[in-house]
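For reference, the structure discussed in these notes is given below.
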Amino acid sequence: MFKTVLFPVDQSREAREAAEKVVNIVKTYTSRLVILSVVEPPAEEGATPPSEVMSSPEAVAKLLSEAQLMFSQQGIEAEIIEREGKPAFTICDVADEIGADLIVMGCRGMGLTDDGASDSVTNRVINLSPCAVLIVP
């Protein structure tokens, strides 16, 4: 059912909690797992700057390596992809490129209110995704 699962990661607690669901899904369906992290480009003048951690290629590479090791300890071989760009669009582009059947993401919760819905990475992925999206609260 889910041959390829895309798991976008960042430094959030929600992403770490979503990892448990990813382990369960990948083992249940013997899926291919691809872990993605997006390096955010520098903010344009007047825009909200990206998190410092996710704008550093070195920190993102370390995050991906740690995530790959964590899945390896669960007996899951994971591929890693690092890209630069706007997170929601990049996640959907990669999902399309790899033929993902499912994207699993953590949700910080703030983006599902009326005030934050249009700015939420999660909401944008839900609306633009070429495949099913599982949001882990």
Side-chain angles (χ1 to χ4, degrees):
M1 181 171 199
F2 300 119
K3 292 180 182 175
T4 303
V5 175
L6 177 62
F7 181 44
V9 296
D10 59 16
Q11 292 285 70
S12 70
R13 174 184 53 82
E14 293 80 7
R16 287 189 296 276
E17 290 172 359
E20 295 175 29
K21 299 289 185 202
V22 171
V23 168
N24 189 340
I25 291 166
V26 169
K27 285 185 172 185
T28 299
Y29 295 101
T30 59
S31 306
R32 168 185 172 215
L33 175 60
V34 179
I35 306 169
L36 168 68
S37 196
V38 181
V39 178
E40 296 180 55
E44 296 172 12
E45 196 168 317
T48 305
S51 71
E52 198 170 300
V53 171
M54 295 312 291
S55 61
S56 160
E58 297 79 18
V60 169
K62 182 179 180 210
L63 173 66
L64 282 169
S65 179
E66 290 171 355
Q68 189 177 36
L69 177 62
M70 187 272 302
F71 283 108
S72 175
Q73 291 170 342
Q74 296 286 328
I76 297 170
E77 186 176 320
E79 301 168 42
I80 58 173
I81 297 176
E82 180 180 331
R83 292 281 171 85
E84 181 175 334
K86 298 200 180 280
F89 298 110
T90 304
I91 291 166
C92 292
D93 287 347
V94 170
D96 191 41
E97 287 171 24
I98 66 170
D101 300 295
L102 179 67
I103 299 171
V104 180
M105 301 177 60
C107 178
R108 291 192 176 106
M110 63 189 174
L112 299 178
T113 64
D114 288 340
D115 295 337
S118 63
D119 292 336
S120 162
V121 170
T122 303
N123 192 56
R124 286 184 180 159
V125 169
I126 290 168
N127 288 313
L128 299 172
S129 176
C131 62
V133 180
L134 173 63
I135 304 302
V136 180

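- Residues L63 and Q11 share a closest heavy-atom pair of CD1-OE1, 3.0 Å.
- In plain terms, the two heavy atoms of V125 and A88 that are nearest each other are CG2-CA, 3.8 Å.
- The closest side-chain heavy-atom distance from D10 to V121 is not below 4.5 Å.
- Distance alone, capped at 3.5 Å, places no donor-acceptor pair between the S37 side chain and the V60 backbone.
- For G106 against T122, the heavy-atom pair with the smallest separation is O-OG1, 3.9 Å.
- The OG atom of S120 sits 8.0 Å away from the CD1 atom of I135 when rounded to the nearest 0.5 Å.
- Across all non-hydrogen atoms, the minimal contact from V104 to V136 is CG1-CG2, 4.0 Å.
- For the pairing with L6, the side-chain contact (heavy atoms from CB on, under 4.5 Å) check across I98, L33, V22 returns one residue only, I98.
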Next item on the list: Carefully, step by step, assess E82 and V39 under the rule side-chain contact (heavy atoms from CB on, under 4.5 Å).
Entry: CA-CA 7 Å; E82 180 180 331; V39 178; 3.5 Å; yes

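- Distance alone, capped at 3.5 Å, places no donor-acceptor pair between the E79 side chain and the V34 backbone.
- Across every non-hydrogen atom of D96 and P130, the tightest pair is N-CG, 3.8 Å.
- For the atom pair CG (L102) and CD1 (I25), the distance works out to 5.5 Å, reported to the nearest 0.5 Å.
- The shortest side-chain heavy-atom distance between S31 and V26 falls under the 4.5 Å cut-off.
- Note: E77 CD to F71 CZ = 13.0 Å, rounded to the nearest 0.5 Å.
- The shortest side-chain heavy-atom distance between P8 and M105 falls under the 4.5 Å cut-off.
- Side-chain contact between E97 and I81 is absent, with no heavy atoms from C-beta onward closer than 4.5 Å.
- One distance of note links CZ of F2 with CG of L134; it measures 8.0 Å at 0.5 Å rounding.
- Between P137 and E17, the shortest heavy-atom contact is O-OE1, 3.9 Å.
- T28 contributes atom OG1, which lies 11.0 Å from atom NZ of K21 (distance to the nearest 0.5 angstrom).
- Checking side-chain atoms of T4 against main-chain N and O of R32 turns up no donor-acceptor pair under 3.5 Å.
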Next item on the list: Take R83 and D93 through the side-chain contact (heavy atoms from CB on, under 4.5 Å) test and state the conclusion after the steps.
Entry: CA-CA 10 Å; R83 292 281 171 85; D93 287 347; 5.6 Å; no

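- With a 6.0 Å radius and a threshold of 12 heavy atoms from other residues, nucleotides or ligands, E66 has its CD atom above the threshold.
- Panel note: side chain K27, backbone Q74; a donor-acceptor pair is recorded below 3.5 Å.
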